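Just so you know, ligand 1 is whichever comes first in the structure, and atom 1 is the first atom listed for that ligand. On a predicted model such as this, the values are computed, not experimentally measured, just so you know.
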Amino acid sequence: MTTPTTFPDNFLWGGALAANQYEGAYDADGKGLSVQDVMPQGIVGPRTEAPTPDNLKLVGIDFYHRYKEDIALLAEMGFKVFRFSIAWSRIFPNGDETEPNEAGLAFYDRVLDELEKYGIEPLVTISHYETPLHLTKTYNGWADRRMIGFFERYARTLFERYGKRVKYWLTFNEINSVLHEPFMSGGINTPKEELSEQDLYQAIHHELVASASVTRIAHEVSPELQVGCMILAIPFYPLTPDPRDVWAAKQAERDNYTFGDVHVRGAYPGYFLRKLRDKGIELDITEADRRTLAEHTVDFVSFSYYMSSCETATQQREASGGNLMGGVVNPTLEVSQWGWAIDPRGLRTILNDYWDRWGKPLFIVENGLGARDELVTGPDGTPTVADDYRIDYMNDHLVQVREAIADGVQVIGYTSWGCIDCVSASTAQMSKRYGFIYVDRNDDGTGTLERYRKQSFGWYRDVIASNGASLKA
Ligand code: BG6
């Protein structure tokens, strides 16, 4: 038998977006505020008391009103799957109500109608960095155990309403990012520098229990539903072969592994319990929590992958740039315009590591290159972007996915990040673009919001149509 050189027949090709970064319409039809509405500069600047006009996310790319046109473009590329998040505060504007907002629910019915029209499978993130602001201000977000109940009610509402049309669900986007961004990721209002590790780890515990609990609810609503966790994946390499550096890299990876270990194996790993002991942290974990974690593990593991990093315990630390977290600079790799290390092989490493460790089907739900694009006039007179750098990045990563599949790893699909240009999560810029589709909007908020196909649009359409055969090894 020869090694397979192509993707499985039912491989789910597509793209991903998140409500707060592309929907806009931040207060339409009864929507409440979310943490994003007071983060005009993402994680790199101060929060505001109330939404301010410089916050590009308030309008986003106005998908709320342009979803038909946008989904038609995704269909033109041949998308098999579209990953998007539901804005929690459209469904429960404050987060702690007992009845949902019908107008918010109806919007996602319309989106699902449109996806169904083209046979595109939805992949829904239940919580993608958009905790209702009221939950943050009133309960301090996930630091409070009552959040579990609010999240259960929200998730049950979604499963009951959309469960017949949406098979694949993700609980928390990049759940491990709460370690570094407690406000954006965990809705925790206490400033990061004042937040105790005791409170941070307790919040993490609440999220993990909530994730397991809604996995139970999904399976109760329909055994057909498939629920996955979502992890921000970064392979950490030892900066040198010194065993102390090897151990430092392992520790950095374990900070992230913990989240998958609990979701897949249903209990906290020993190395994590030791870390808590060493830090003097005692978590409030009930017997019911333990049972929930143990009995309701995930059906699959999903992750984002943009970059790898290095760790060292022996050398001078030169901090690397990175996706909400990072270690030290890897001198062998080039970086993006935003300083993220470009490492296609790291994706094969992660796929193999996760598969070896957890043996669960894997779904790559984010990957891509954030770059400054220049709009030019194409051969047929229409505006376009000659984004060969993006094509190279994605081609090289997908070749490594193909290698991992040949290694025996089970991969369900691939949704590239920001398939239509949207507002960046970390810097809140429009100019950090990931899409196959250019959106005419600038960092100062000007622009027509018109959509234009980039060169990568046709390239990705060919990749999908050939099920990966057009990739260049
Ligand atoms: C991930 C997030 O961290 O990376 C997305 O899940 C985000 O929301 C993506 O947009 C890319 O990061 P950024 O900061 O370049 O938008």
Side-chain angles (χ1 to χ4, degrees), residues 14-23 34-37 39-45 55-57 60-61 63 82-88 123-131 170-187 207 228-234 256 259 301-309 320-326 335-342 346-347 350 363-373 389-390 393-394 397 414-436 439 441 443:
L17 283 160
N20 71 86
Q21 294 171 258
Y22 83 130
E23 282 182 358
S34 88
V35 291
Q36 292 293 341
D37 296 320
M39 298 179 70
Q41 295 173 48
I43 60 167
V44 297
N55 187 339
L56 293 182
K57 286 167 277 190
I61 56 161
F63 175 85
F82 176 47
R83 172 182 176 226
F84 61 99
S85 71
I86 289 183
W88 188 345
L123 164 62
V124 171
T125 317
I126 301 172
S127 179
H128 191 130
Y129 297 160
E130 45 216 2
T131 307
L170 308 178
T171 52
F172 294 98
N173 181 64
E174 299 187 333
I175 184 165
N176 47 327
S177 63
V178 68
L179 284 168
H180 309 271
E181 295 303 328
F183 180 72
M184 181 169 82
S185 181
E207 284 199 59
C229 55
M230 195 312 203
I231 297 167
L232 191 168
I234 297 191
N256 297 328
F259 295 82
V301 171
S302 80
F303 64 91
S304 62
Y305 176 79
Y306 293 90
M307 50 170 283
S308 61
S309 196
S320 68
N323 183 16
L324 309 182
M325 60 177 86
V335 298
S336 76
Q337 289 166 334
W338 273 263
W340 298 16
I342 299 176
L347 180 50
I350 277 288
F363 209 147
I364 305 155
V365 297
E366 285 187 32
N367 172 241
L369 179 71
R372 287 194 183 83
D373 287 340
Y389 40 87
R390 181 168 294 109
Y393 178 101
M394 292 185 64
H397 282 75
Y414 173 91
T415 59
S416 68
W417 174 250
C419 46
I420 312 176
D421 289 347
C422 63
V423 183
S424 147
S426 56
T427 62
Q429 294 166 297
M430 254 324 283
S431 53
K432 191 178 187 191
R433 297 171 183 274
Y434 287 84
F436 305 113
V439 177
R441 191 160 195 237
D443 286 344

Contact check: [X] vs ligand 1, nitrogen or oxygen atoms, below 3.5 angstrom:
{"X": "Y129", "answer": "no"}
{"X": "W340", "answer": "no"}
{"X": "T427", "answer": "no"}

[atom]: the protein heavy-atom neighbour that sits closest, reported with distance to 0.1 Å:
{"atom": "atom 14 (O) of ligand 1", "value": "S426 OG, 2.5 Å"}
{"atom": "atom 10 (O) of ligand 1", "value": "Q21 NE2, 2.9 Å"}
{"atom": "atom 7 (C) of ligand 1", "value": "A425 CB, 3.6 Å"}
{"atom": "atom 6 (O) of ligand 1", "value": "E366 OE2, 2.7 Å"}
{"atom": "atom 9 (C) of ligand 1", "value": "Y306 OH, 3.3 Å"}

Can you tell me which portion of [X] lies within the under-4.0 Å heavy-atom range of ligand 1? Options are side chain, backbone, both, or neither.
{"X": "Y434", "value": "side chain"}
{"X": "L232", "value": "neither"}
{"X": "S424", "value": "both"}

* Asked: What are the atoms of ligand 1, with element, lying closer than 4.0 Å to any heavy atom of K432?
  -> 13 (P), 14 (O), 15 (O)
* **For E174, the ligand 1 atoms whose distance to one of its heavy atoms is below 4.0 Å** => 1 (C), 2 (C), 3 (O), 6 (O)
* Residue pair K432 / G370: nearest heavy atoms and the distance that separates them -> CG-CA, 4.1 Å
* Asked: Is any side-chain heavy atom of E130 closer than 4.5 Å to a side-chain heavy atom of K57?
  -> no
* Taking side chain as C-beta onward, heavy atoms only, is Y414 less than 4.5 Å from M394? -> yes
* Return yes if a side-chain donor-acceptor contact under 3.5 Å exists between Q429 and W338, otherwise no. => yes
* **Any donor-acceptor N or O pair under 3.5 Å, side chains Y393, S336** => no
Short question: side chain of [X], backbone of [Y] - any donor-acceptor pair under 3.5 Å?
{"X": "N173", "Y": "M230", "value": "no"}
{"X": "R433", "Y": "G418", "value": "no"}
{"X": "T125", "Y": "S85", "value": "no"}

* **CH2-CD1 distance between W88 and I126, expressed to the nearest 0.5 angstrom** => 10.0 Å
